[in-house]
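Reading through the structure tokens given below for one structure.
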Amino acid sequence: MENNFDDIYQVVKLIPFGRVSSYGAIAEYLGGKRGARIVGWAMNAAHTDDSIPAHRVVNRNGVLTGKAFFGGNKMQELLEAEGIIVKNDKIQHFKDLFWSPTKELL
DNA sequence: CCCCTGACGGGCG
DNA sequence: TCGCCCGCCAGGG
């Protein structure tokens with residue numbers, strides 16, 4: 001936790017099973033909505049780390065924007081394995097599955 | 001040191 | 001509702 005990527009990793013790891021979050025939500029929880037892109041960058045650096053559930057992090061639309069980085073539809077499979085319904089690279093009931101670190105985490 | 005790009009988000013027309 | 005533009009931080013050329 002150096003107030004940077006590590007913080008992001010910690011928050012991502014805190015995402016409950018079967019739940020998802022967004023880059024902006026995590027960025028906002030850490031220090032404002034300025035680092036939405038940075039979160040994505042952090043995920044990119046961490047996508048090699050299987051201890052980080054980066055597949056649970058999507059954009060505000062609930063679209064698996066980073067699915068390409070996982071290889072094929074690996075990201076979608078991981079989400080479906082958690083009971084999350086994914087259709088056309090988009091999470092169904094995203095609003096219901098959404099996990100806000102700012103609200104639910106404290 | 002300057003410029004471009006990026007797994008994003010919000011605002012405006 | 002859709003599309004365009006600007007701002008955000010960090011890394012690479």
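Because the structure is a prediction, the values reported are computed rather than measured. Convention: sequence-line order gives letters A, B, ...; per-chain numbering from 1.
Heavy atoms of other residues, nucleotides or ligands lying less than 6.0 angstrom from NZ of Lys13(A) number more than 12.
Other members of the cluster containing Ile85(A) do not exist, because no ILVMFWY side chain is joined to it at under 4.5 Å.
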Worksheet entry | Contact pattern, 5' to 3', of nucleotides 4-9 of chain B - B, S or - by protein heavy atom under 4.0 Å | --BBBS
Worksheet item: Once Watson-Crick and G-U wobble pairs under 3.5 Å are found, how is DNA chain C written in dot-bracket notation, 5' to 3', with | for any base paired to another strand?
Response: .||||||.|||||
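One finds the OH atom of Tyr29(A) at 12.0 Å from the OG atom of Ser100(A) (value rounded to the nearest 0.5 Å).
Looking only at distances, no side-chain donor or acceptor of Asn73(A) sits under 3.5 Å from a matching main-chain atom of Gln76(A). Side-chain N or O atoms of Lys90(A) include one that pairs as donor or acceptor with a backbone N or O of Asn61(A) at under 3.5 Å. Arg56(A) places a side-chain N or O within donor-acceptor distance of the main-chain N or O of Ile15(A), the cut-off being under 3.5 Å.
Side chains of His55(A) and Glu82(A): a donor on one and an acceptor on the other come within 3.5 Å.
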